[in-house]
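Data first, discussion second: the structure below is written as structure tokens.
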2 protein chains.
Amino acid sequence: MQEHDLLIHHIKQLVSINDSDIDLIIKLFKSKTLERKEILLHPGEIASHMTFIAKGCFRSYYLDDNVQEHILQFGIENWWINDLYSYLTKTPAKYFVQAVESSTVLQIHQDALEIVFKEIPVMERFFRLKMQSAYVSLQERTINSMSQTAEQRYIDFLARYREIEQRIPQYMVASYLGITPEFLSAIRKKMVL
Amino acid sequence: MQEHDLLIHHIKQLVSINDSDIDLIIKLFKSKTLERKEILLHPGEIASHMTFIAKGCFRSYYLDDNVQEHILQFGIENWWINDLYSYLTKTPAKYFVQAVESSTVLQIHQDALEIVFKEIPVMERFFRLKMQSAYVSLQERTINSMSQTAEQRYIDFLARYREIEQRIPQYMVASYLGITPEFLSAIRKKMVL
DNA sequence: CTATTTTCTTAATATACCTTAAGTTTTTCT
DNA sequence: AGAAAAACTTAAGGTATATTAAGAAAATAG
């Protein structure tokens with residue numbers, strides 16, 4: 001399966017694993033296909049899997065009291081996407097995880113991941129490192145949104161996620177940046193002049 | 001040492017440890033006293049300790065390009081404070097950690113903590129849980145700042161951190177909320193009416 | 001390839017929040 | 001207690017961003 005090759009390659013970028021490790025990983029990560037707009041995780045469900053994106057594009061978002069969407073995170077090939085808090089604490093998810101394009105993910109159940117940790121201890125390290133980067137990007141995002149103007153945040157977004165930006169509707173970029181689509185439109189107009 | 005009692009009690013709220021574990025912890029966590037406004041960690045240094053607040057109050061903040069302060073986190077008794085990214089990745093800190101009152105902390109060096117993990121494996125769990133809560137509060141804060149008005153954020157802050165609010169100057173609350181002291185003053189005036 | 005749906009733009013008006021500057025109150029230090 | 005420093009308030013005018021509403025453009029599905 002080509003999908004699993006992607007995952008293996010992704011893991012090998014951080015830790016060393018051997019052929020029998022690979023076999024186990026391939027066996028325990030299950031492939032799942034989603035159509036555009038299909039929802040992988042609903043608020044209220046418990047996120048019981050770790051999810052690796054093998055193909056496609058996802059977003060996680062929540063709805064506030066005014067039924068307004070706020071996008072927390074995007075993910076494309078080789079990224080992980082989840083409601084991490086729900087997964088870690090086994091409490092109901094607060095966020096939607098939705099396919100923005102038709103997509104394929106590789107998922108491992110929490111119980112199966114425990115087996116992986118037992119058999120391939122270096123995978124603990126792998127996920128700890130992933131957890132750290134999740135924390136860091138979140139922190140950078142928080143700081144960024146506190147000290148920068150929307151235009152600057154947009155410029156940063158383009159620099160950092162230009163590939164994603166080309167695959168998602170503009171109103172989702174606005175939602176990620178915390179501004180209205182109309183205002184993003186105005187920013188873009190101003191920028192080209 | 002009373003300070004260490006606080007730490008032990010704090011640890012016991014999450015995991016079970018025995019008397020010899022306690023001895024080791026007391027031996028490896030070093031007490032340090034700071035005066036009001038004294039800085040515990042400067043940007044550029046590597047955060048090489050985990051820091052437990054036994055007495056007093058701290059803030060972590062960074063300076064943006066306009067030399068504007070932005071407060072990321074406060075901490076009082078029984079909290080941990082750090083530049084977690086610097087600690088985890090052994091890269092130079094981006095933030096200041098400063099005592100807001102005269103304070104006492106208990107610090108353990110990264111190397112000593114490795115010893116703790118070896119001798120008291122359940123402490124790995126303890127710190128993993130702490131790491132999770134750090135992630136979660138950060139996530140809640142990010143979401144909150146995206147979807148709420150400054151007044152609502154202030155009300156939430158009061159509900160959540162009223163003890164802290166009573167110990168810090170108001171301009172620090174403003175900085176945490178991401179608004180100017182003048183605007184917070186206006187919000188407060190409006191609220192009492 | 002056309003109809004339908006989704007996304008993007010424009011513009012006017014409104015609001016949340018900032019900037020500056022000055023004066024007042026509170027806290028800290030000696 | 002008194003002087004100095006730090007923190008808080010007020011107010012006027014400004015800027016960033018939201019809201020509403022409508023139409024135009026682009027994408028998708030049949």
Side-chain angles (χ1 to χ4, degrees), chain A residues 34-39 56-57 59 61 64-71 74 98-103 144-158 164-193, chain B residues 34-39 56-57 59 61 64-71 74 98-103 144-158 164-193:
Chain A
L34 294 102
E35 287 171 17
R36 193 170 110 85
K37 301 203 173 171
E38 201 175 333
I39 288 180
C57 182
R59 62 171 178 154
Y61 67 97
D64 70 16
D65 307 336
N66 305 319
V67 203
Q68 199 73 22
E69 285 180 10
H70 297 273
I71 296 182
F74 296 109
Q98 185 193 38
V100 174
E101 308 169 351
S102 73
S103 303
N144 195 293
S145 79
M146 274 174 57
S147 55
Q148 314 253 102
T149 182
E151 176 172 358
Q152 192 55 52
R153 262 142 55 212
Y154 178 56
I155 291 169
D156 291 355
F157 182 84
L158 290 180
I164 291 178
E165 189 262 345
Q166 275 149 21
R167 290 166 68 171
I168 61 177
Q170 198 169 298
Y171 77 85
M172 287 191 189
V173 178
S175 166
Y176 181 87
L177 295 176
I179 58 178
T180 58
E182 292 85 357
F183 188 52
L184 179 54
S185 186
I187 288 172
R188 286 166 53 88
K189 184 180 179 189
K190 185 185 150 209
M191 278 173 60
V192 280
L193 297 184
Chain B
L34 295 101
E35 287 171 19
R36 195 171 108 83
K37 299 203 174 173
E38 200 175 333
I39 288 180
C57 182
R59 62 169 178 155
Y61 66 96
D64 70 16
D65 306 336
N66 305 320
V67 203
Q68 200 72 22
E69 283 180 11
H70 296 274
I71 296 182
F74 295 110
Q98 185 193 38
V100 173
E101 308 169 351
S102 73
S103 303
N144 195 292
S145 79
M146 273 173 60
S147 54
Q148 313 254 104
T149 181
E151 176 171 358
Q152 192 54 53
R153 262 142 55 209
Y154 178 57
I155 291 169
D156 292 355
F157 182 85
L158 290 180
I164 291 178
E165 189 260 347
Q166 275 148 22
R167 291 165 69 171
I168 62 178
Q170 198 169 298
Y171 78 85
M172 288 190 189
V173 178
S175 165
Y176 181 87
L177 296 176
I179 58 178
T180 58
E182 292 86 356
F183 189 52
L184 179 54
S185 186
I187 288 172
R188 285 166 54 87
K189 184 180 180 190
K190 185 185 151 208
M191 278 173 60
V192 281
L193 297 185

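By convention in this document, chain letters (A, B, ...) are assigned in the order of the sequence lines, proteins followed by strands, and residues within each chain are numbered from 1. Below, all heavy atoms of this structure are taken into account, side chains as well, without hydrogens, waters or symmetry copies. Everything quoted here is computed from the prediction, not taken from an experiment.
- Here Ala150(B) lies in heavy-atom contact (under 4.0 Å) with sugar-phosphate atoms only.
- Checked against Glu101(A) for a salt bridge (charged side-chain N to carboxylate O under 4.0 Å, His left out), the options Arg167(A), Arg36(A), Lys37(A) give a single hit: Arg167(A).
- A salt bridge links Arg59(A) and Glu69(A); the closest N-O separation between the charged side-chain nitrogens and carboxylate oxygens is under 4.0 Å.
- Rounding to whole angstrom units, CD of residue Glu101(B) and P of dT27(C) are separated by 14 Å.
- For the pair Gln68(A) and dA18(D), the criterion of a side-chain N or O lying under 4.0 Å from OP1 or OP2 is not met.
- Atom pair Ile168(B):CD1 and dA6(D):P shows a separation of 18 Å (rounding to whole Å applied).
- An OP1 or OP2 oxygen of dT9(D) is reached within less than 4.0 angstrom by a side-chain nitrogen or oxygen of Gln170(B).
- A sub-4.0 Å separation between OP1 or OP2 of dA11(D) and a side-chain N or O of Ser185(B) is absent.
- Closest to the side chain of Arg188(A), out of dT9(C), dC18(C), dA7(D), is dT9(C).
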side-chain contact (heavy atoms from CB on, under 4.5 Å) for Glu165(B) and Gln170(B)? Distances and angles first, verdict last. CA-CA 8 Å; Glu165(B) 189 260 347; Gln170(B) 198 169 298; over 6 Å; no
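- Distance Gln148(B) CD to dA16(C) C1': 15 Å, rounded to the nearest Å.
- Taking atom CZ on Phe183(B) and atom C1' on dG13(D), their separation rounds to 15 Å, with Å as the unit.
- When each of dT19(C), dT9(D), dA18(D) is scored by its nearest atom to the side-chain atoms of Thr180(B), the top-ranked nucleotide is dT19(C).
- Judged by distance alone, the side chain of Asn66(A) and the main-chain N or O of Gln68(A) form no donor-acceptor pair under 3.5 Å.
- Glu69(B) has its CD atom 13 Å from the P atom of dA6(D), to the nearest Å.
- Within the 4.0 angstrom heavy-atom criterion, only backbone atoms of the sugar-phosphate kind lie near Tyr171(B); the bases stay farther away.
- Distance Met172(B) CE to dC8(D) P: 9 Å, rounded to the nearest Å.
- Look at Thr149(A) and you'll find a side-chain N or O under 4.0 angstrom from OP1 or OP2 of dT17(D).
- With distances taken from any side-chain atom of Lys189(A) to the nucleotides dT10(C), dT19(C), dC8(D), the minimum falls on dT10(C).
- Between the CE atom of Met191(B) and the C1' atom of dC8(D) there is a distance of 16 Å, given to the nearest Å.
- The listed nucleotides are dT19(D), dA7(D), dC17(C); the one nearest the side chain of Glu182(A) is dT19(D).
- In this structure, Ile187(B) and Ile179(B) have side chains that are in contact, with non-hydrogen atoms separated by less than 4.5 Å.
- Following rounding to the nearest Å, Arg167(B) (CZ) and dT26(C) (P) show an atom-to-atom distance of 22 Å.
- Nucleotides of DNA chain D nearest to Gly178(A) and Arg36(A) differ in position, and the one nearer the 5' end is that of Gly178(A).
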